[in-house]
Number of protein chains: 2
Amino acid sequence: MKLSSNSSLRSEIKCQTCSIRRLCLPVMLADSEIEHLDNIVQRKKVLKKNEFLFHAGDQFDSIHAIRSGSLKTYTISTDGTEQITGFHLPGEIVGLNAISSTQYPSFAKALETSMVCTIPFDKLESLSRDIPGLQKQIFKVMSGEIREEQELMMLLNKKNADERFAAFIMNLSARFKRRGLSDKEFQLTMTRGDIGNYLGLAVETVSRLVTRLQKQELIAIQDRYIQIVNQVGLSQLAGTACHI
Amino acid sequence: MKLSSNSSLRSEIKCQTCSIRRLCLPVMLADSEIEHLDNIVQRKKVLKKNEFLFHAGDQFDSIHAIRSGSLKTYTISTDGTEQITGFHLPGEIVGLNAISSTQYPSFAKALETSMVCTIPFDKLESLSRDIPGLQKQIFKVMSGEIREEQELMMLLNKKNADERFAAFIMNLSARFKRRGLSDKEFQLTMTRGDIGNYLGLAVETVSRLVTRLQKQELIAIQDRYIQIVNQVGLSQLAGTACHI
DNA sequence: CGGACGGTTGACCGCTGTCAAATATTGTGG
DNA sequence: CCACAATATTTGACAGCGGTCAACCGTCCG
């Protein structure tokens with residue numbers, strides 16, 4: 001039976017006790033409300049590296065909260081090239097761009113072993129009508145995503161390669177910090193190619209950037225493990241660097 | 001009194017009889033539901049060209065539906081440069097990126113004389129709890145905006161100047177068509193500078209593009225009035241053009 | 001062991017930004 | 001309505017950032 005496997009999983013993992021609930025949909029909900037939310041979360045499944053959470057074209061019926069690990073979302077354009085639209089960390093929601101449609105417009109693939117909570121959207125909609133705080137939080141999450149993408153747009157439109165890369169690292173740093181992890185050193189779970197794809201740069205350019213920023217003693221990288229050596233310098237480069 | 005001016009305006013302009021209600025929030029609502037929506041729309045005001053609907057930093061409490069005309073939204077980065085985040089046509093909603101905050105993150109400025117309907121967000125939230133179709137429509141609008149920005153990202157990341165410009169024109173064309181206007185010829189309400197700013201190109205590049213695409217007989221432009229001469233060619237350039 | 005994949009480095013060049021200047025258009029005050 | 005300033009647009013010359021091509025190395029894994 002479907003329900004039994006569900007409940008067996010639920011007994012282990014619940015929103016109420018989830019370590020990242022302050023970063024996820026339950027933020028600002030009362031305990032009783034979180035319980036209602038928890039009741040509609042269908043599966044809490046594990047994805048191994050390179051496994052898909054969903055494919056573009058799959059029927060949309062759920063959004064997904066990341067519990068651990070990291071994912072990338074991307075589309076494939078008509079000429080077959082991949083375009084990464086985002087990297088997603090624990091507490092973040094993926095699938096929000098599918099609500100206006102019946103199908104997911106993008107792929108979601110695990111960058112490492114990850115745990116994901118799947119939330120049927122019709123149930124979430126109706127629950128959010130009874131729980132104003134939940135409705136507000138969904139609006140906020142979506143609004144925040146719109147805003148972040150606008151910031152990314154500014155990045156791609158107005159900044160050169162060094163600034164893009166610096167901004168990317170600082171953005172990851174800030175997101176790790178929010179999650180209680182070190183903002184000074186962390187593991188990149190994506191390839192250089194992924195980074196370049198996301199930032200609109202060639203792989204070779206990313207590789208050269210890594211080398212250069214390391215020589216400038218802004219960062220130190222060993223494979224995928226990055227340390228931010230000069231935080232002030234890096235954020236200046238990312239933000240307001242005047243490349244005249 | 002505030003209410004009297006409101007009601008005097010309301011007697012003239014109502015969602016129920018608005019010509020673009022099929023493109024706006026009321027789509028899919030029953031007449032009685034539209035009436036409830038109409039009742040919370042505070043002001044239906046006119047903006048003259050270059051007037052602001054809101055400034056970045058203004059207290060957020062409302063989103064805004066465009067009734068006629070067109071707006072641009074933009075942010076100002078720390079070094080003072082403007083970054084246009086969107087051009088907005090009748091039926092579209094602006095201010096959605098402010099919901100996650102207490103202030104608008106961007107400016108909204110009229111590109112021409114425009115009419116705008118202002119909708120207090122807290123009232124909209126609570127009304128949408130009673131009208132499932134309204135809640136769904138808000139979700140859809142926000143989801144659609146997320147998706148459109150992801151497509152724009154792909155544009156900026158993967159396409160060259162010609163492809164960007166062609167895609168921009170085709171996008172406008174499609175949006176005019178949805179509104180029952182000609183998709184073959186229309187007035188651009190933004191400057192070349194605005195287009196370049198939005199697409200991540202220098203003004204000079206945009207100007208050269210206009211000249212080149214005109215020579216290639218894909219478009220014809222007289223000042224801001226554009227005609228799409230070769231629709232197939234332009235959409236090929238915009239979409240799947242293989243620039244190898 | 002060998003192929004696939006990820007990453008790095010060098011050489012080259014083309015697209016597009018920058019600078020400059022001329023012209024056209026719009027807006028404003030008298 | 002005109003004069004004039006401010007803004008918008010176009011065109012040319014030039015150079016630099018970053019893409020492309022190519023070669024090489026290291027690691028992982030069947």
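Note: hydrogens, waters and symmetry copies are ignored here, and every other heavy atom, side chains too, is used. Here is how names work: the chains are called A, B, and so on, in the same order as the sequence lines, proteins then strands, and each is numbered from 1.
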Length of the [atom1]-[atom2] vector between [X] and [N], whole Å:
X        : N      : atom1 : atom2 : value
B:Asn160 : D:dG18 : CG    : C1'   : 14 Å
B:Tyr225 : C:dA24 : OH    : C1'   : 21 Å
A:Asp162 : D:dG16 : CG    : P     : 16 Å
B:Leu201 : D:dC17 : CG    : P     : 19 Å
B:Arg212 : D:dT11 : CZ    : P     : 12 Å
B:Leu188 : C:dT26 : CG    : C1'   : 17 Å
A:Lys159 : D:dC17 : NZ    : P     : 18 Å
B:Asn157 : D:dG19 : CG    : C1'   : 14 Å

Checking contacts here: which listed nucleotide (C:dG17, D:dT20, C:dT16) is nearest the side-chain heavy atoms of A:Ala202? D:dT20
Enumerate the protein-to-nucleotides 23-30 of chain D contacts in which both atoms are nitrogen or oxygen and the separation is below 3.5 Å.
none

Considering residues at least two apart in sequence or located in another chain, which fulfil the side-chain contact (heavy atoms from CB on, under 4.5 Å) criterion with B:Thr211? B:Lys215
Output side-chain donor-acceptor pairs under 3.5 Å for residues 46-63 of chain B, partner residues at least two apart or in another chain, one line each.
unit_1, atom_1, unit_2, atom_2, d
B:Glu51, OE1, B:Lys48, N, 2.8
B:Asp58, OD2, B:His55, N, 2.8

Among pairs that include at least one residue of residues 95-104 of chain A, which meet salt bridge (charged side-chain N to carboxylate O under 4.0 Å, His left out), considering only residues two or more places apart or in two chains?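 For residues 95-104 of chain A, and leaving out neighbouring residues, there are no salt bridge (charged side-chain N to carboxylate O under 4.0 Å, His left out) pairs at all.
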So if I apply the side-chain contact (heavy atoms from CB on, under 4.5 Å) rule between B:Leu218 and each of B:Leu213, B:Val232, B:Val229, which one comes out positive? B:Leu213
For the helix from C:dC1-D:dG30 to C:dG30-D:dC1, what angle lies between the axis at the first five pairs and the axis at the last five pairs, to 10 degrees?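 Result, rounded to 10 degrees: 50°.
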Could you work out, with side-chain hydrogen bond (donor to acceptor under 3.5 Å, both in side chains) as the rule, every residue matching [X], not counting sequence neighbours?
X        : value
A:Arg179 : A:Glu92
A:Asn157 : none
B:Arg212 : B:Asp162
B:Gln150 : A:Asn97, A:Glu149

Protein within reach of the bases, or only the backbone? For nucleotides 6-13 of chain C, mark each nucleotide 5' to 3' as B, S or -, using heavy atoms under 4.0 Å. SSBBBB--
Counting only pairs under 3.5 Å, give me each side-chain donor-acceptor contact of residues 193-204 of chain B, with atom names and distances, residues two or more places apart or in other chains.
unit_1, atom_1, unit_2, atom_2, d
B:Asp194, OD1, B:Lys72, NZ, 3.1
B:Asp194, OD2, B:Thr191, N, 3.4
B:Asn197, OD1, B:Ile84, N, 2.8
B:Asn197, ND2, B:Glu82, O, 2.8

Using a cut-off of 4.0 Å on non-hydrogen atoms, how would the nucleic acid contact of B:Gly200 be classed: base, sugar-phosphate, or nothing?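 Sugar-phosphate only.
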So does A:Arg178 have more than 12 non-hydrogen atoms from other groups sitting under 6.0 Å from CZ? no
Taking only N and O in the side chain of B:Lys49, is any of them less than 4.0 Å away from OP1 or OP2 of C:dT26? no
With sequence neighbours excluded, give me every ring pair (Phe, Tyr, Trp, His ring centres under 6.0 Å) pair touching residues 206-232 of chain B.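 Listed by first then second residue: nothing to list.
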